[in-house]
Amino acid sequence: MRYDLNLLPIFVALMEERSVTRAAERMGMTQPALSNALSRLRLMLQDQLFVRERYGIQPTPIALELSPLIAEALAQLDNAVLGQQAFDPVQAERLFTIAPNGYVEFVLVPAIVARLEKVAPGIKLRLTPYGNDLVETGVVSGTTALVLGRIVDPPDNLVVQHLMDEGLACAVRADHPGVGDVMTREQFETMKHVNIVPPGRMRAGLFQALAQQQLKRDVAISVTNFFAVAEMVAVTDYCATLPSLICRRLMHDPRLKILPAPVDLGSFPVEMAWHVRYRHDPAHRWLRALIGAVITDLTGKTAAATTPSPA
């Protein structure tokens with residue numbers, strides 16, 4: 001029996017998307033064409049494979065059994081073919097979709113874009129939102145090249161690399177009447193504070209750090225991004241507890257002053273994750289190396305080695 005290898009990526013798309021419509025969009029096919037391909041898949045593999053339910057499709061036990069085998073086989077094919085292809089960033093014209101959280105978008109993305117402009121002017125980036133659900137970013141299906149932020153409970157088909165650990169500091173207005181060059185615990189607890197939501201994972205980490213230190217924080221306002229914090233703090237007597245690299249950026253604003261937190265609030269990890277099929281893709285490897293170089297320039301420390309998931 002001859003096998004149509006073109007059907008296998010469609011099987012993977014259906015497994016990961018759990019929707020004929022989304023799988024068709026991902027594969028660049030019409031929905032009828034994908035439904036036809038699914039019929040041929042069922043014939044080839046001698047199983048129903050996917051059963052329609054109210055909110056999409058669910059794989060059969062046979063599909064669940066075949067899924068890791070097919071995904072690994074395709075990944076090995078990709079590695080063999082793509083590993084032989086040369087990638088010239090100077091000549092390349094390509095669009096990468098990445099999903100940074102709010103912190104990474106504020107601190108790292110401008111430096112990444114500036115580096116791309118110099119060394120790979122034909123490489124373009126498209127940013128897609130990164131919340132708490134990795135599936136929604138597209139990185140689990142492979143439609144998004146990278147997700148950058150705090151990666152919690154990644155699925156087996158993602159590879160995760162630890163980039164750096166980031167600390168926390170405090171920002172207040174430069175002429176704050178109650179705070180000098182040092183902020184005491186009592187001052188921190190009696191002041192009003194600006195809270196940032198999202199990114200949710202960092203917010204949760206900050207609340208946990210405050211609780212561990214038994215440090216109280218009276219939140220007066222919550223904003224949705226880091227861009228609003230400077231303006232909020234500059235015109236109030238409020239305090240904002242922010243990642244150190246963001247505070248480094250805000251040090252250039254004469255309206256503000258940056259102070260160490262009154263207690264050690266620890267650090268939070270910044271990580272990068274990508275689909276296992278891109279492990280050996282020369283273009284993706286080059287982009288990941290460029291991001292690592294940007295991290296080194298900003299922090300003076302080399303990004304940590306890749307830690308693969310169990311996949």
Side-chain angles (χ1 to χ4, degrees), residues 100-114 127 129-132 148-150 163-271 294-301:
N101 68 7
Y103 164 81
V104 172
E105 184 171 357
F106 188 92
V107 171
L108 298 181
V109 170
I112 293 169
V113 172
L127 272 56
Y130 172 40
N132 290 333
L148 298 115
R150 189 169 186 178
L163 294 174
M164 65 180 186
D165 290 306
E166 172 69 302
L168 296 162
C170 295
V172 298
R173 67 185 176 97
D175 56 350
H176 195 290
V179 180
D181 294 332
V182 177
M183 181 183 296
T184 66
R185 185 185 187 104
E186 181 181 3
Q187 288 171 331
F188 185 96
E189 294 186 330
T190 56
M191 293 172 70
K192 300 288 186 181
H193 289 259
V194 180
N195 186 47
I196 298 93
V197 283
R201 297 295 188 184
M202 198 205 80
R203 174 169 51 92
L206 176 57
F207 279 120
Q208 291 168 4
L210 293 169
Q212 289 172 357
Q213 293 288 351
Q214 297 183 324
L215 190 64
K216 299 177 183 177
R217 187 175 62 145
D218 184 3
V219 175
I221 183 169
S222 292
V223 298
T224 58
N225 61 73
F226 291 107
F227 298 94
V229 175
E231 301 305 317
M232 199 69 62
V233 171
V235 296
T236 66
D237 289 337
Y238 295 169
C239 171
T241 303
L242 301 165
S244 297
L245 286 179
I246 290 182
C247 287
R248 185 192 298 181
R249 290 267 299 272
L250 297 182
M251 287 176 65
H252 301 294
D253 189 329
R255 301 172 301 168
L256 306 175
K257 62 180 173 183
I258 306 301
L259 303 170
V263 298
D264 182 6
L265 294 175
S267 61
F268 64 91
V270 180
E271 297 156 317
V294 168
I295 294 285
T296 299
D297 288 348
L298 288 175
T299 65
K301 299 179 182 178

Chemist: Does His193 have any ring-ring contact (aromatic ring centres under 6.0 Å, His included) partners at least two apart in sequence or in another chain, and if so, which?
Modeler: Phe188
Chemist: How close do Gly149 and Asn101 get, counting heavy atoms only, and between which atoms?
Modeler: CA-ND2, 3.3 Å
Chemist: Specify the closest pair of heavy atoms between Asn195 and Arg217, including all atoms of both residues, with the distance to one decimal.
Modeler: OD1-NH2, 3.1 Å
Chemist: Do the side chains of Val172 and Lys257 get nearer than 4.5 Å, heavy atoms only?
Modeler: yes
Chemist: Holding to side-chain contact (heavy atoms from CB on, under 4.5 Å), I want the full list of residues that pass it with Thr184, two or more places apart in sequence or in another chain.
Modeler: Glu186, Gln187
Chemist: Between Ile196 and Phe226, is there a side-chain heavy-atom distance shorter than 4.5 Å?
Modeler: yes
Chemist: Contact between Val107 and Glu166 at the side-chain level, heavy atoms closer than 4.5 Å - yes or no?
Modeler: no
Chemist: What are the two closest non-hydrogen atoms of Met183 and Pro260, and how far apart are they?
Modeler: CB-O, 4.4 Å
Chemist: Under the side chain to side chain contact (heavy atoms under 4.5 Å, CB included) rule, what do Tyr103 and Ile246 come out as? Steps first, then yes or no, please.
Modeler: CA-CA 8 Å; Tyr103 164 81; Ile246 290 182; 3.8 Å; yes
Chemist: Who are the side-chain contact (heavy atoms from CB on, under 4.5 Å) partners of Ala220, not counting sequence neighbours?
Modeler: Lys192, Tyr238
Chemist: Working to the nearest 0.5 angstrom, can you tell me the gap between Leu256 CG and Arg249 CZ?
Modeler: 13.0 Å
Chemist: Would you name the heavy atoms of Leu259 and Ala169 that are closest together and state the gap between them?
Modeler: O-CB, 3.6 Å
Chemist: Once you round to the nearest 0.5 Å, how far does CD of Gln208 lie from CG of Leu210?
Modeler: 10.0 Å
Chemist: Take a 6.0 Å sphere around CG of Asp181 and say whether it holds more than 12 heavy atoms from other residues, nucleotides or ligands.
Modeler: no
Chemist: Residues in side chain to side chain donor-acceptor pair (under 3.5 Å) with Thr296, at least two apart?
Modeler: none
Chemist: Between Leu108 and Ile295, is a side chain to side chain contact (heavy atoms under 4.5 Å, CB included) present by the stated rule, with each step listed?
Modeler: CA-CA 8 Å; Leu108 298 181; Ile295 294 285; 3.6 Å; yes
Chemist: Which residues satisfy the side-chain contact (heavy atoms from CB on, under 4.5 Å) test with Ala171, sequence neighbours excluded?
Modeler: Leu242, Ile258
Chemist: Kindly indicate whether a cation-pi arrangement holds for Arg150 with Phe268, taking the cut-offs as under 6.0 Å to the six-membered ring centre and within 45° of the axis.
Modeler: no
Chemist: So which atom in Thr299 and which in Met164 form the shortest heavy-atom distance, rounded to 0.1 Å?
Modeler: CG2-SD, 3.6 Å
Chemist: Among residues two or more places apart or on two chains, list those pairs meeting salt bridge (Lys or Arg N to Asp or Glu O under 4.0 Å) that have a residue in residues 219-245.
Modeler: Arg173-Asp237, Glu231-Arg255
Chemist: Are side-chain heavy atoms of Leu163 and Leu148 found at a separation under 4.5 Å?
Modeler: yes
Chemist: Which residues pass the side chain to side chain donor-acceptor pair (under 3.5 Å) test with Glu271, not counting sequence neighbours?
Modeler: none
Chemist: Do you know the tightest heavy-atom contact between Ala174 and Pro254?
Modeler: CB-O, 3.4 Å
Chemist: With sequence neighbours excluded, tell me which residues meet side-chain contact (heavy atoms from CB on, under 4.5 Å) with Val263.
Modeler: Arg185, Gln213, Leu215, Leu265
Chemist: Please, which pairs that meet salt bridge (Lys or Arg N to Asp or Glu O under 4.0 Å) have at least one residue in residues 100-112, sequence neighbours excluded?
Modeler: none
